[in-house]
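Down below is the structure, laid out as structure tokens.
Just follow the structure's listing: the first ligand is 1, and inside any ligand the first atom is 1. These figures come from a predicted structure and were not determined experimentally.
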Amino acid sequence: MPGSERSYGAYLEGRERDGLRRGLVDIEARDARTISIGGEAYVNFASNDYLALRFHPSVIERARALAEQHGVGAGASRLVTGNLDLYAGIEAKVAALKQKPAALIMASGFQANASVLQALFDRNVLGAEPLVFSDRLNHASIHFGCAASGAREIRYRHGDAAHLASLLSRYQGHERPKFILTESVFSMDGDTAPLAEIGRLARERDAMLIVDDAHATGILGEGGRGLSGEADVVIGTFSKALGGFGAHVACSDTLRDYLINRCSGLIYSTALPPPVLGAIDAALDLVPSLDAERAHVASLAERFRQGARALGFDTGVSTTQIVPLIAGSNHAALSLSMKLRDAGYFATAIRPPTVPAGTARLRLAFTAAHSNADIEGLLNALDDRALPRSASA
Ligand SMILES: Cc1ncc(COP(=O)(O)O)c(C=O)c1O
């Protein structure tokens, strides 16, 4: 056995000791509300298909139709023969939804952040090393894209526009191109960035504002267009509220052309499979008409936040369909997750490095497939947990 193999084994043992070891679980999913594991059914509060579109009949139908018409694979990257004539219409729909001149479809949200940011921060193209101001709690794929470009992130305190302003001031007068990077809705906290203030700062300081709208697209904003109106560049995914897979960048025509020429994730990767494009296309057609579903999801999340807080749980700064229950230690988060599982509810324990040390949590996500009764049931399951606590008080 090579020595490196032993190092990997030792790493896994360390993860186990610290309650941080991850593992894959076989999931059976037959509808948007429930999952089964080992024959046991659970109400699923851990998925991101906020509008329950992954089981929508017209989404499935268009995916099936495009598989039959165009095959199950694209056969090549978009620059070779993978740029099926379906793309132009779908990208026009994305650009309209995001109110930007152009859009470019990419393979996944992770890949988009990893490779689009690398291309945008290329110092050879910019003529100087860029100054990249980045929210501390930005998604791993954003940090990955920055690292890939070689740009050092200047991290501002989470959601803190005043801190961002002071860091921008520190670099006032530098002739280097400036960028500000933030998520619109933070994936593990369910709060929103102060985008109006950040947008104002970006304009005042001549910085390009790049917003990852992954958790707002489809589910928040007017007609489900997300919250990225202030941004120069929007990165989003079809894998959350739109129920499918794939990602997009919405931007200027020049930037779209630049990415086609410079973005490794687009150039060196096979284009999305036609059925996936079909699912994206059908979901984009549905999104503007889903106001009732968006209101339902918002009211479920609000009811849950109130109920959980009344039971003494820490739901952090959530204001959206994502609500954390912050447990603190890794073991506390894991045992809360198991407690809910015993009661028939599935919520994943999220631990460092996905969240900062000491803030391990359950991340609950509410979707159009959930009912009011599901929320009451979930709160009851949490209430059971609170009983021994009050008994010992
Ligand atoms: C903010 C954010 N950006 C990007 C991604 C990655 O998107 P995808 O799942 O499409 O790769 C995620 C999801 O994991 C996310 O939460």
Side-chain angles (χ1 to χ4, degrees), residues 22 24 27 29 45-51 53-54 90 94 98 103-118 120 134-148 153 155 158-159 180-193 195 198 209-221 226-228 231 233-250 263-266 269-273 276-277 279-280 283-284 316-324 348 350-351 353-356 361 363-367:
R22 301 170 196 249
L24 296 173
I27 303 285
F45 287 104
S47 291
N48 299 315
D49 60 328
Y50 308 121
L51 293 170
L53 289 183
R54 73 194 157 119
I90 301 175
V94 175
K98 295 291 174 184
L104 187 65
I105 291 179
M106 308 262 313
S108 77
F110 189 99
Q111 196 217 45
N113 277 327
S115 60
V116 168
L117 299 179
Q118 180 188 30
L120 294 182
S134 174
D135 189 291
R136 271 189 58 199
L137 293 190
N138 276 337
H139 191 256
S141 55
I142 296 178
H143 300 312
F144 190 95
C146 294
E153 284 175 83
R155 298 195 188 189
H158 173 55
I180 301 173
L181 276 177
T182 184
E183 295 177 32
S184 55
V185 170
F186 284 84
S187 56
M188 294 300 144
D189 292 86
D191 58 335
T192 57
L195 284 168
I198 293 178
L209 175 57
I210 305 172
V211 173
D212 180 336
D213 218 12
H215 293 279
T217 302
I219 184 75
L220 295 172
L227 300 177
S228 53
V233 179
V234 185
I235 296 177
T237 169
F238 301 114
S239 64
K240 316 282 183 210
L242 277 84
F245 187 72
H248 54 269
V249 185
C263 179
S264 55
L266 182 97
S269 189
T270 300
L272 283 176
V276 170
L277 284 178
I280 292 172
L284 283 168
V317 284
S318 159
T319 54
T320 67
Q321 76 282 358
I322 300 166
V323 186
T348 321
I350 310 282
R351 292 160 284 162
T354 308
V355 292
R361 65 195 64 188
R363 175 193 184 271
L364 294 139
F366 299 97
T367 80

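Using modelled atom types, one side-chain atom of Arg361 and one backbone atom of Met188 make a donor-acceptor pair closer than 3.5 Å. Between the side chain of Asp213 and the backbone N or O of Leu227, at least one donor-acceptor pair lies under 3.5 Å. For the pair Arg363 (side chain) and Ser187 (backbone), a donor-acceptor distance under 3.5 Å is present.
Side-chain atoms of Asp189 and His158 form no donor-acceptor pair, as typed in the model, at a separation below 3.5 Å. Side-chain contact annotation: His215 with Glu183, donor-acceptor N/O pair under 3.5 Å absent.
What sits closest to atom 7 (O) of ligand 1 on the protein, heavy atoms only, is Gly109 CA, 3.3 Å. Remark: minimum distance from atom 5 (C) of ligand 1 to any protein heavy atom is reached at His139 CE1, 3.6 Å. Counting only heavy atoms of the protein, atom 6 (C) of ligand 1 lies nearest to Phe110 N, 3.4 Å. Scanning all protein heavy atoms for the shortest distance to atom 16 (O) of ligand 1 gives His215 NE2, 2.6 Å.
With a 4.0 Å cut-off on non-hydrogen atoms, Asn113 touches ligand 1 through its side chain and not its backbone. Contacts between Lys240 and ligand 1, counted as non-hydrogen atom pairs separated by less than 4.0 Å, involve the side chain only.
Evaluated by nearest non-hydrogen atom to atom 4 (C) of ligand 1, the leading choice among Thr237, Val211, Asp212 is Asp212.
Remark: ligand 1 atoms within the under-4.0 Å shell around heavy atoms of Ser187 are 16 (O). The distance from ligand 1 to the heavy atoms of Ser239 drops below 4.0 Å at these ligand atoms: 8 (P), 9 (O), 10 (O). With ligand atoms numbered from 1 in the order given, ligand 1 contributes 4 (C) to contacts under 4.0 Å with heavy atoms of Ser141. Taking a cut-off of under 4.0 Å to the non-hydrogen atoms of Glu183, the atoms of ligand 1 that pass are 1 (C).
Proximity of the aromatic rings of Phe45 and Phe366 is defined here by a centroid distance below 6.0 angstrom, and this criterion is met.
The shell of residues lying under 4.0 angstrom from ligand 1, judged by heavy atoms, excludes Ala247.
Considering backbone and side-chain atoms alike, Ala214 places every N or O at 3.5 Å or more from each N or O of ligand 1. Residue Gly246 places no N or O, backbone or side chain, under 3.5 Å from any N or O of ligand 1.
Taken to the nearest 0.5 Å, the CG atom of Asn48 stands 6.5 Å off from the CD1 atom of Ile322. How far OG1 of Thr367 is from CG of Asp49: 6.0 Å, rounded to the nearest 0.5 Å.
Side-chain contact check for Arg155 versus Asn138: every heavy-atom pair is 4.5 Å or farther apart.
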